[in-house]
Amino acid sequence: MSRAPPTLLLVEDDSDLRDALVEILHAEGHTVIATGTGEEALSWLEAHPLPALVLVDMWTPRKDSWRLLDALSHQPRLADVPVVAISSSEERHPAIREVLSKPFDREALLAGVRRFVHPLH
């Protein structure tokens with residue numbers, strides 16, 4: 001019996017970047033749920049098993065990434081899900097385990113993900 005690939009939850013409002021990140025992470029053996037807002041991510045989290053990791057762009061137009069981080073740090077069910085923030089500045093929040101600084105390349109992305117999640121291949 002084989003294991004299901006680890007699921008990553010990606011929150012990125014830029015559709016081109018979101019699509020590129022999904023492609024890279026799929027190629028690495030992950031299942032990726034991609035949302036454009038923190039609100040969409042929260043809705044997904046309420047209805048599904050927890051992801052292995054949340055990757056969140058901190059500067060979305062509605063700034064709802066901060067609400068997502070608050071939920072991740074305050075709701076017991078979500079508190080242990082690791083979060084990698086994607087940002088052009090150093091972000092601080094109790095839910096953030098690591099910051100992936102923009103601009104970043106493929107290897108930096110994968111190294112950040114691998115610190116928390118091990119792909120199947």
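Only heavy atoms go into these numbers, but all of them, side chains included; no hydrogens, no water, no symmetry mates.
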Trainee: Roughly how far apart are Met58 CE and Ser88 OG, rounded to 0.5 Å?
Mentor: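 It comes to 11.0 Å.
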Trainee: Return yes if some donor-acceptor pair links the side-chain N/O of His93 with the main-chain N/O of Ala95 below 3.5 Å, else return no.
Mentor: yes
Trainee: Please give me the minimum heavy-atom distance between Glu91 and Ser89, naming the atom from each residue.
Mentor: OE2-OG, 3.0 Å
Trainee: Specify the closest pair of heavy atoms between Gly38 and Val11, including all atoms of both residues, with the distance to one decimal.
Mentor: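 Result for this residue pair: N-CG1, 3.7 Å.
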Trainee: List the atom of His26, the atom of Thr31, and the distance in Å for their closest heavy-atom pair.
Mentor: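 Heavy atoms of His26 and Thr31 come nearest at CE1-CA, 4.4 Å.
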Trainee: Side chain of Arg77, backbone of Leu45: donor and acceptor closer than 3.5 Å?
Mentor: yes
Trainee: Measuring from Leu42:CG to Leu9:CG, what's the distance to the nearest 0.5 Å?
Mentor: 9.0 Å
Trainee: Contact between Leu69 and Ile96 at the side-chain level, heavy atoms closer than 4.5 Å - yes or no?
Mentor: yes
Trainee: Taking the side chain as every heavy atom from C-beta outward, state whether Arg106 and Glu28 have any atom pair closer than 4.5 Å.
Mentor: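 Counting from C-beta outward, Arg106 and Glu28 do come under 4.5 Å.
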Trainee: Has the side chain of Asp64 got a donor or acceptor atom that lies under 3.5 Å from a matching backbone atom of Glu39?
Mentor: yes
Trainee: Quick check for you: to the nearest 0.5 Å, what is the distance between Glu40 atom CD and Asp13 atom CG?
Mentor: 10.5 Å
Trainee: Quick check for you: to the nearest 0.5 Å, what is the distance between Gln75 atom CD and Asp70 atom CG?
Mentor: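 Rounded to the nearest 0.5 Å, the CD-CG separation comes to 10.0 Å.
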Trainee: Just wondering, do Glu12 and Val22 contact through their side chains at under 4.5 Å, heavy atoms?
Mentor: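 Of all side-chain heavy-atom pairs linking Glu12 with Val22, none is under 4.5 Å.
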Trainee: Can you tell me how far the CD atom of Glu46 sits from the CG atom of Leu78, to the nearest 0.5 Å?
Mentor: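 Nearest 0.5 Å value for the CD-CG distance: 8.5 Å.
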Trainee: Please give me the minimum heavy-atom distance between Arg97 and Ala79, naming the atom from each residue.
Mentor: NH2-O, 4.4 Å
Trainee: Identify the residue among Leu25, Val113, Leu53, Val117 that makes a side-chain contact (heavy atoms from CB on, under 4.5 Å) with Pro6.
Mentor: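 Among Leu25, Val113, Leu53, Val117, the one meeting side-chain contact (heavy atoms from CB on, under 4.5 Å) with Pro6 is Val117.
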Trainee: Between the side chains of Asp57 and Lys102, is the shortest nitrogen-to-carboxylate-oxygen separation below 4.0 Å, so that they form an ion pair?
Mentor: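 Yes, charged N to carboxylate O under 4.0 Å.
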Trainee: Going by the side-chain contact (heavy atoms from CB on, under 4.5 Å) test, name the single residue among Leu8, Val32, Leu109 that passes it with Leu21.
Mentor: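 Between Leu21 and the candidates, side-chain contact (heavy atoms from CB on, under 4.5 Å) is satisfied uniquely by Leu109.
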Trainee: Looking at Trp66 and Arg92, what are the two nearest heavy atoms and their distance?
Mentor: CZ3-O, 3.9 Å
Trainee: Atom NE2 of His48 and atom OG1 of Thr7: how far apart are they, to the nearest 0.5 Å?
Mentor: 9.5 Å
Trainee: Write down the atom of Trp44, the atom of Pro49, and the distance for their closest heavy-atom approach.
Mentor: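 In this case the closest contact between Trp44 and Pro49 is CH2-O, 3.6 Å.
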